[in-house]
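In this chain, residues are counted from 1 in sequence order. Bear in mind that the values here come from a model prediction, so they are computed numbers and not experimental data.
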Amino acid sequence: MSDTSIRINERIRMNAENITAALENHMMTAFAPDARKELRLFSAGEAADLLGISTSFLRKLHMEEKIDEVLTSAGGRRSYSADDLEAIRSYLDSAAKVPGTYRKGRRPGDKIQVLSFLNFKGGSGKTTSTIHTAQRLALKGYRVLCVDIDPQASLTTLFGYRPEVDFAEVGTIYDAIRYDDPLPLSAVIQKTFFTGIDLAPASLMLQEFEHETPRALMDNVQPAFFARMAASLAEVEGNYDLILFDCPPQLGYLTMSALCASTGLFITVVPNMLDVASMSQFLQMSADLLDVVSDAGATMDYDFMRFLINRLEPNDGPQQQVVAFLRNLFGKEVMTASMLKSTAISDAGLTHQTIYEVERSQFNRNTYDRAVDSLNDVNDEVESLIQQAWGR
């Protein structure tokens, strides 16, 4: 068919079918057809870091038989599963002088921390930030619920699901917040392959919420759109320390419902002036819309809001100027740590994996280490904000 006589509906459908088939083929090559993702094992050094102890102390615990033996190679190298880490953490906390030294999740009286990652633009690293934060904090012992409210369902895909197949008709967060006969959130939450993380998945069906909300507002259906997410979360929040929203790249009813349920906000920003200009418009629109829902009775009290610099290239002079501009403008609201642009993160994404899931040996070690150090710095800063919100 020539470009001079394109029937756009037919061409788009053909392209959609072609890319779906190609993606299916790619996933069959990357993973066994019916396999679910599995979390890798961790080295002694990684395990000690995640537990907050030294490797020598970890060895001592094994020598004194205070903890169970783990998988050990012929050369004596120990490898730890996420379940091993959880068992060791339980022992450490039970033996600590101060309870909670090694278990840093919610205690009686602590409110659930609900964090939204958002920006107006696609490609600003929202999903990458959400999943790496969730995984790092789960590995450190927090109980995490990820809520994917982007109809594109990238976060759901990264957890090894195929939204268009697994949740084509039912089983997503949409079913818990829809206006007609909503399900309890517990009915749609999925266990994931990643110990410590549950998922409320997304699919294209979520777009229906955007279409149905104007009619629901006219009919005064209660609870209103901005309160539905918080009402849904209330059923399960006792099971988690943290809830993380991956928001769509637009300021629609889904994003507003997440913002009205949140206690903390991370606005991801790529440090170039076009993105900053776009963010400026996004912030103005957000403020105007949040004024409206605040006047309608939504809670707007947050523990913190931070700008998270994403895809940073440290040797890029113009980027450094933009970062300095943002720090000068927003001060401590710009996170100290930034997420580096890294081929290791991009390459991991080719097989729908994160930097915490892949083996270091698959990459140039310096590239891998720089990416991991960058992500750890960001996520440890997120953790410190959570701890401060709990008064610690």
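A distance-only check finds a donor-acceptor pair linking the side chain of Thr157 to the backbone of Ala153 [under 3.5 Å]. Under a 3.5 Å cut-off, the side chain of His132 and the backbone N or O of Ile355 do form a donor-acceptor pair. When atom types are taken as modelled, the side chain of Thr213 and the backbone of Glu210 share no donor-acceptor pair closer than 3.5 angstrom. Of the possible polar contacts, none joining the Arg136 side chain to the Ile131 backbone as a donor-acceptor pair under 3.5 Å is found. Thr133 contributes no side-chain N or O that, together with a main-chain N or O of Thr130, makes up a donor-acceptor pair within less than 3.5 Å. Checking side-chain atoms of Thr263 against main-chain N and O of Val114 turns up a donor-acceptor pair under 3.5 Å. Side chain of Asp148 to backbone of Thr156: a donor-acceptor contact under 3.5 angstrom is found. Listed for the Thr72 side chain is no donor-acceptor partner under 3.5 Å among the backbone atoms of Gly76. Asp150 places a side-chain N or O within donor-acceptor distance of the main-chain N or O of Gln152, the cut-off being under 3.5 Å. Using modelled atom types, one side-chain atom of Ser81 and one backbone atom of Asp84 make a donor-acceptor pair closer than 3.5 Å.
Side-chain contact check for Asn272 and Asp275: at least one donor-acceptor pair (N or O, by modelled atom type) lies under 3.5 Å. Counted by atom type alone, Tyr368 and Gln362 present zero donor-acceptor pairs between their side chains at under 3.5 Å. Remark: the Gln387 side chain and the Ser384 side chain contain no N/O donor-acceptor pair separated by less than 3.5 Å. Judged purely by distance below 3.5 Å, without hydrogens or angles, the side chains of Glu212 and Tyr174 pair a donor atom with an acceptor atom. Using modelled atom types, one finds a donor on one side chain and an acceptor on the other under 3.5 Å when comparing Asn310 with Ser129. Looking only at atom types and distance, the side chain of Gln250 has no donor-acceptor partner in the side chain of Thr255 under 3.5 Å away. Side-chain atoms of Asn379 and Glu381 form no donor-acceptor pair, as typed in the model, at a separation below 3.5 Å. The closest side-chain donor-acceptor pair between Gln190 and Asp198, if any, does not fall under 3.5 angstrom.
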query: Between Phe117 and Phe266, is a ring-ring contact (aromatic ring centres under 6.0 Å, His included) present by the stated rule, with each step listed?
result: CA-CA 5 Å; Phe117 291 78; Phe266 294 95; 5.1 Å; yes
Stepwise ring-ring contact (aromatic ring centres under 6.0 Å, His included) check, His62 with Tyr80: CA-CA 12 Å; His62 282 295; Tyr80 298 79; 5.7 Å; yes
- request: Would you please test Tyr161 and Phe167 for ring-ring contact (aromatic ring centres under 6.0 Å, His included) and show each step?
  value: CA-CA 9 Å; Tyr161 293 102; Phe167 310 113; 5.4 Å; yes
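Of the candidates Arg106, Arg103, Lys104, Glu383, Tyr142 forms a side-chain hydrogen bond (donor to acceptor under 3.5 Å, both in side chains) with just one, namely Glu383. In summary, of the residues considered (Glu357, Glu46, Gln353), a side-chain hydrogen bond (donor to acceptor under 3.5 Å, both in side chains) with Arg40 occurs for Glu46 alone.
Transitive grouping of hydrophobic side chains (ILVMFWY, heavy atoms separated by less than 4.5 Å) keeps Val188 and Leu204 in distinct clusters. Taking hydrophobic clusters as Ile, Leu, Val, Met, Phe, Trp and Tyr residues chained together by side-chain heavy-atom distances below 4.5 Å, Leu58 does not share a cluster with Leu71. Hydrophobic clustering of Ile, Leu, Val, Met, Phe, Trp and Tyr side chains at less than 4.5 Å, counting indirect connections, unites Tyr302 with Ile149. Residues Leu41 and Leu61 do not share a hydrophobic cluster, clusters being chains of Ile/Leu/Val/Met/Phe/Trp/Tyr side chains in contact below 4.5 Å. Residues Ile53 and Leu137 share a hydrophobic cluster, clusters being chains of Ile/Leu/Val/Met/Phe/Trp/Tyr side chains in contact below 4.5 Å.
Separating the CG atom in Asn376 from the CG atom in Asp49 is a distance of 6.0 Å, to the nearest 0.5 Å.
Heavy-atom neighbours of Asp288 CG from other residues, nucleotides or ligands within 6.0 Å: above the threshold of 12. Around NZ of Lys60, the count of heavy atoms belonging to other residues, nucleotides or ligands within 6.0 Å does not exceed 12.
Residue Leu39 comes nearest to Ala82 through the heavy atom pair CD2-CB, 3.8 Å, listed as atom of the first residue, atom of the second, then distance.
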